[in-house]
Novice: 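I have a structure here, written as structure tokens, and I will follow up with some questions on it.
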Amino acid sequence: MQIRITNSLTRQKEPLRTLVPGKLSLYVCGVTVYDFSHVGHARVYIVFDVVQRTARRMGLDVTYVRNFTDVDDKIIARANQNGETTDALTTRMIAAFHEDMDRLDCERPQVEPRVTTHMPEIVAMIEQIIARGHGYVVPGEVQADGSIAQDVYFDVRTFPPYGALSGRSQDDNADGASERVQHDARKHSQADFALWKSAKPGEPFWNSPWGNGRPGWHIECSAMACKHLGETFDVHCGGKDLVFPHHENEIAQARAANGQEFARQWMHNGFVTIDSEKMSKSLGNFFTIRDVLARFHPQVLRYFLLTAHYTHPLNFSDRSLEEAQKRVLAIYEKLAAAEALLTARGMASGGQMDEPELELVENARGELQDALCDDFNTPRALAALSEPIAALSLALDKPKAAGALDVIAQVRAFLHEASGWLGLFQHPPTTVVEAIVAQARDRLFPPGSEALANVERLLVERQEARAAKDWKRADEARDALTQVGAEVRDGPQGTTWRPRLTDEA
RNA sequence: GGCGGCAUGGCCAAGUGGUAAGGCAGAGGACUGCAAAUCCUCCAUCCCCGGUUCGAAUCCGGGUGCCGCCUCCA
């Protein structure tokens, strides 16, 4: 089976091509570490985590590189604002990013290069670009010692393929855009972009042939990708908003510097939206990953972000999160029930039986793989889980039916296998169920709160009424509990209650 | 202004030529003192108009609506 991807360069679905058979080199643009990451970032890295997992499971030896941009105007501004060094800020934010990604079960890339540790490579690439006639040097900022440092620009007009990825001509760029971009007389063309920026007072800087300064925004990815994956590598990925100018510029720089192809295929994921509008820092309509994880389990957020195809926009809303939560919880509850039952029957290991594989599971396994190989169609992959889950439900409902235990064991084993592809449903089920319930309980009925005391009071009252077979009073108590968001359940083990998991009311 | 994307049941969402996956909600049933949870069953002809084709949600043309990029952005 071949993996097919939507290649942004051709705008078509085509087979994933690897330069070296059996090996896949993957570069994903990482974050600029000046703040906590938001849900839009979460989507990118979860999507490409699934890409990476799928490729590995299809037998490819994957080298996954994801950078940190740790030098940038916004970082400098934020560090000043916070009264800390850029280094302190970026170190903190990288740690926070790792923490977020770990919670979301995104596997770590093989290499996570930082701009600040790749200055020699960056400077060398800029020198190459200049040497080959695609870059030029102009006077920049006056330095403390009175000298004038230099800026370096990429000369877009010397690179005819410019615009191929984003599908725009250089003339297009000149028009509408130019009125919003401040005119710079030093540039040959207003579309030219900075390769190296001379240092302003108080900014962090690195020494270079052009004086003290720092790299422009795009060059770091060209340099780090070439260093860690080679001048030509397989796939370069990122959010759709990076197509232009970031990726367009990366291509121009790398190819201008070394004459090689750079990334052979490109993948871009769609935005997370709110009310159909892009979630972004500039619009201010974003939620950080931490904001969301304070209310929803990481598996719920991950599941939600995989419910739409990665190339499409995905609308973020409480309602969607709650729907995802409902589904994730239901599946983990079934897994918990399966585990309990199998343990009780001494079949805890599961999936190691001699019975022939159930056709249903076999089909689902094939569909899961087909779906993911077909351009990482996660909605289809999630749908493939439904039939086995339905079979599991039925078997759990009638565990004494012929073959029921076998179904339970096999579906459980299948879900465990699916979790390797999707990064979902691999956690100890009772832990997840308890975490989700506890999160809602602590929100609605914090420990020691009057709300919690009220629930306990009503529960006692209902118990007394029930003992006296006073159904009217018992129902009143239950209605009152429902009213405040506590759902009562009578079971053979006695009465339990759960906080309402949705946020209505 | 230039370039591009999307429009499927109440909501979310797959599906690129052969008669609409899946999830949530809803309805009916089982279970329950009543409920909840759980289980079973049911529930769309694909924005509008025209065209191509034996046959289109899927291709072409024209509308309408929404969104994105062109400035920092995942």
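All heavy atoms count here, side chains included; hydrogens, waters and symmetry mates do not.
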Novice: Which whole number of Å gives the distance between the P atom of B/G10 and that of B/C46?
Specialist: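 Pairwise P distance, B/G10 against B/C46, rounds to 12 Å.
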
Novice: Once side chain to side chain donor-acceptor pair (under 3.5 Å) is applied, do any residues pair with A/E323, and if so which ones, sequence neighbours excluded?
Specialist: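 Result, side chain to side chain donor-acceptor pair (under 3.5 Å) vs A/E323: none returned.
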
Novice: List the atom pairs, with distances to 0.1 Å, where a side-chain N or O of residues 358-369 of chain A and a protein N or O form a donor-acceptor pair under 3.5 Å, not counting sequence neighbours.
Specialist:
| unit_1 | atom_1 | unit_2 | atom_2 | d |
| --- | --- | --- | --- | --- |
| A/N363 | ND2 | A/E359 | O | 3.4 |
| A/R365 | NE | A/E417 | OE1 | 2.9 |
| A/R365 | NE | A/E417 | OE2 | 3.0 |
| A/R365 | NH1 | A/E357 | OE1 | 2.6 |
| A/R365 | NH1 | A/E357 | OE2 | 2.8 |
| A/R365 | NH2 | A/E417 | OE1 | 2.9 |
| A/E367 | OE1 | A/R380 | NH2 | 3.4 |
| A/E367 | OE2 | A/R380 | NE | 2.9 |
| A/E367 | OE2 | A/R380 | NH2 | 3.4 |

Novice: Considering residues at least two apart in sequence or located in another chain, which fulfil the side chain to side chain donor-acceptor pair (under 3.5 Å) criterion with A/W196?
Specialist: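 A/S208.
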
Novice: Find the distance A/F36:CZ to B/A74:P and express it as a whole number of Å.
Specialist: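 Nearest whole value for this atom pair: 16 Å.
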
Novice: Identify, with sequence neighbours excluded, every residue that meets salt bridge (Lys or Arg N to Asp or Glu O under 4.0 Å) alongside A/D375.
Specialist: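 So A/D375 forms no salt bridge (Lys or Arg N to Asp or Glu O under 4.0 Å) with any residue.
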
Novice: Considering residues at least two apart in sequence or located in another chain, which fulfil the salt bridge (Lys or Arg N to Asp or Glu O under 4.0 Å) criterion with A/D470?
Specialist: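 Residues passing salt bridge (Lys or Arg N to Asp or Glu O under 4.0 Å) with A/D470: none at all.
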
Novice: Do A/Y27 and A/Y64 have ring centres separated by under 6.0 Å?
Specialist: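 Ring-ring flag for A/Y27/A/Y64: false, centres at least 6.0 Å apart.
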
Novice: Flag the pair A/R66 and A/E112 as a salt bridge only when some basic side-chain nitrogen lies within less than 4.0 angstrom of an acidic carboxylate oxygen.
Specialist: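 The answer is yes: the pair qualifies as a salt bridge.
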
Novice: Which pairs count as ring-ring contact (aromatic ring centres under 6.0 Å, His included) when at least one residue sits in residues 468-490 of chain A, sequence neighbours excluded?
Specialist: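 Qualifying pairs, neighbours excluded: none.
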
Novice: Can you say whether a donor on the side chain of A/D241 sits under 3.5 Å from an acceptor on the base of B/G68, or the other way round?
Specialist: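 In this structure, the two groups form no donor-acceptor pair.
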
Novice: Just jot down the salt bridge (Lys or Arg N to Asp or Glu O under 4.0 Å) partners of A/D490, sequence neighbours excluded, or say none.
Specialist: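 Salt bridge (Lys or Arg N to Asp or Glu O under 4.0 Å) list for A/D490, sorted by chain: A/R462, A/R466.
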
Novice: OP1 or OP2 of B/A25 sitting under 4.0 Å from any side-chain N/O of A/K326?
Specialist: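 For B/A25, OP1 or OP2 has a side-chain N or O of A/K326 closer than 4.0 Å.
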
Novice: Could you list the residues that satisfy side chain to side chain donor-acceptor pair (under 3.5 Å) with A/E107, not counting sequence neighbours?
Specialist: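 Applying side chain to side chain donor-acceptor pair (under 3.5 Å) to A/E107 gives A/Q52.
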
Novice: Got a salt bridge between A/K472 and A/E476, using NZ or NE/NH1/NH2 to carboxylate O under 4.0 Å?
Specialist: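 A salt bridge is present here (some side-chain N lies under 4.0 Å from a carboxylate O).
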
Novice: Got a sec? Which of residues 462-472 of chain A come in under 4.0 Å of RNA chain B, heavy atoms?
Specialist: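 Residues of residues 462-472 of chain A that come under 4.0 Å of RNA chain B are, in numerical order, A/R462, A/R466, A/W471.
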
Novice: Short of 4.0 Å, heavy atom to strand atom, which residues of residues 75-82 of chain A count as contacting RNA chain B?
Specialist: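 Hits under 4.0 Å, by residue number: none.
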
Novice: Would you say a side-chain N or O of A/H312 is under 4.0 Å from OP1 or OP2 of B/A7?
Specialist: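 False: A/H312 side-chain N/O out of range (4.0 Å or more) of B/A7 OP1/OP2.
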
Novice: For nucleotides B/U38 and B/C48, find the distance between their C1' atoms and express it as a whole number of Å.
Specialist: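 Comparing C1' positions in B/U38 and B/C48 gives a spacing of 45 Å.
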
Novice: Looking for any heavy atom pair under 4.0 Å, which part of the strands does A/S276 touch: base, sugar-phosphate only, or nothing?
Specialist: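 The answer is sugar-phosphate, as A/S276 gets under 4.0 Å only of primed atoms, P, OP1 or OP2.
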
Novice: RNA chain B: A/V44 or A/T311, which has the more 5' nearest nucleotide?
Specialist: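 Comparing both residues, the 5'-ward one is A/T311.
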
Novice: Let's test this: given Watson-Crick or G-U wobble pairing with both distances under 3.5 Å, identify the partner of B/U58.
Specialist: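 Pairing partner: none.
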
Novice: Looking at A/R157 and A/D192, is any side-chain nitrogen of the basic one under 4.0 Å from a carboxylate oxygen of the acidic one?
Specialist: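 Salt bridge between A/D192 and A/R157, a charged N being under 4.0 Å from a carboxylate O: no.
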
Novice: Could you check how far NZ of A/K74 sits from C1' of B/U71, rounded to whole Å?
Specialist: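 Nearest whole value for this atom pair: 11 Å.
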
Novice: Give a yes/no verdict on a cation-pi contact between A/R186 and A/Y153, requiring under 6.0 Å between NZ or CZ and the six-membered ring centre and an angle within 45° of the axis.
Specialist: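 Judged by the rule (NZ or CZ under 6.0 Å from the ring centre, within 45° of its axis), A/R186 is not positioned above A/Y153.
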
Novice: Which value, in whole Å, describes the distance between the P atoms of nucleotides B/A56 and B/C49?
Specialist: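 Rounded to whole Å, the distance is 15 Å.
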
Novice: Measure CG/A/N269 against P/B/C69 and give the value in whole Å, please.
Specialist: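 Distance, rounded to whole Å: 13 Å.
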
Novice: Using atom C1' of each nucleotide, how far apart are B/C43 and B/U52 to the nearest Å?
Specialist: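 That atom pair is separated by 34 Å.
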
Novice: Quote, to the nearest angstrom, the P distance that separates B/U16 from B/C72.
Specialist: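 Those two atoms are separated by 36 Å.
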
Novice: Below 4.0 angstrom, N of the basic side chain to O of the carboxylate: do A/D374 and A/K13 qualify?
Specialist: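 Result for this pair is yes, salt bridge flagged.
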
Novice: Using a cut-off of strictly less than 4.0 Å, decide whether A/N377 has a side-chain nitrogen or oxygen near OP1 or OP2 of B/G15.
Specialist: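 For A/N377, the contact criterion (side-chain N or O under 4.0 Å from OP1 or OP2 of B/G15) is met.
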
Novice: Identify the residue among A/R214, A/R92, A/R114 that makes a salt bridge (Lys or Arg N to Asp or Glu O under 4.0 Å) with A/D70.
Specialist: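 One option only clears the test, and that one is A/R114.
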
Novice: Output one line per pair: protein atom, nucleotide atom from nucleotides 18-22 of chain B, and distance, for all N/O pairs under 3.5 Å.
Specialist:
| unit_1 | atom_1 | unit_2 | atom_2 | d |
| --- | --- | --- | --- | --- |
| B/G22 | O3' | A/S386 | OG | 3.0 |
| B/G22 | O2' | A/S386 | OG | 3.0 |

Novice: What's the CZ-C1' distance between A/F316 and B/C12, to the nearest Å?
Specialist: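 For the pair A/F316 CZ and B/C12 C1', the rounded distance is 14 Å.
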
Novice: With a 4.0 Å cut-off on heavy atoms, is A/H309 in touch with a base, just the backbone sugar-phosphate, or nothing at all?
Specialist: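 If one applies the 4.0 Å heavy-atom cut-off, A/H309 turns out to touch the sugar-phosphate alone, with no base involved.
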
Novice: Considering only the P atoms, how many Å lie between B/U8 and B/A14, rounded to the nearest integer?
Specialist: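 So the two P atoms sit 11 Å from each other.
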
Novice: What is the per-nucleotide protein-contact pattern of nucleotides 37-45 of chain B, from the 5' end, where B denotes a base atom under 4.0 Å from a protein heavy atom, S denotes such proximity for sugar-phosphate atoms only, and - denotes neither?
Specialist: SSS------

Novice: Who is the Watson-Crick or G-U wobble partner of B/C43, with both distances under 3.5 Å?
Specialist: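 By the stated definition (distances under 3.5 Å), nothing pairs with B/C43.
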
Novice: Rounded off to whole Å, could you give me the CG-to-P distance for the A/L501 and B/A25 pair?
Specialist: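 Rounded to whole Å, this separation is 12 Å.
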
Novice: When the P atoms of B/C6 and B/G50 are considered, how many whole Å apart are they?
Specialist: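 Between the two P atoms, the distance is 24 Å.
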
Novice: Taking pairing as Watson-Crick or G-U wobble with both contacts under 3.5 Å, can you name the mate of B/G1, or confirm there isn't one?
Specialist: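 Partner of B/G1: B/C70.
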
Novice: How is A/G40 classified with respect to the nucleic acid when contacts are heavy atoms under 4.0 Å: base, sugar-phosphate, or nothing?
Specialist: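 Base contact.
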
Novice: Just to be sure I understand the rule, does A/V243 reach a base, reach only the sugar-phosphate, or reach nothing, if contact means heavy atoms closer than 4.0 Å?
Specialist: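 No contact at all - A/V243 keeps every heavy atom at 4.0 Å or more from the nucleic acid.
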
Novice: Given atom CZ of A/R168 and atom C1' of B/G4, what is their separation to the nearest angstrom?
Specialist: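 Atom-to-atom, A/R168 to B/G4, this comes out as 9 Å.
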
Novice: Rounded to the Å, how far apart are A/D318 CG and B/C12 P?
Specialist: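 To the nearest whole Å, that distance equals 15 Å.
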
Novice: Whole-Å distance between B/C24 P and A/L385 CG?
Specialist: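 After rounding, the gap between these two atoms is 13 Å.
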
Novice: Could you tell me how far B/A57 sits from B/C47 if I compare only their P atoms? Round to whole Å.
Specialist: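 B/C47 and B/A57 have their P atoms separated by 10 Å.
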
Novice: Picking from A/K200, A/R78, A/K197, what satisfies salt bridge (Lys or Arg N to Asp or Glu O under 4.0 Å) with A/D73?
Specialist: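 Result for salt bridge (Lys or Arg N to Asp or Glu O under 4.0 Å) with A/D73: A/K197.
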
Novice: Which one is paired to B/C24, where only Watson-Crick or G-U wobble pairs with both distances under 3.5 angstrom count?
Specialist: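 With both distances under 3.5 Å, B/C24 matches B/G10.
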
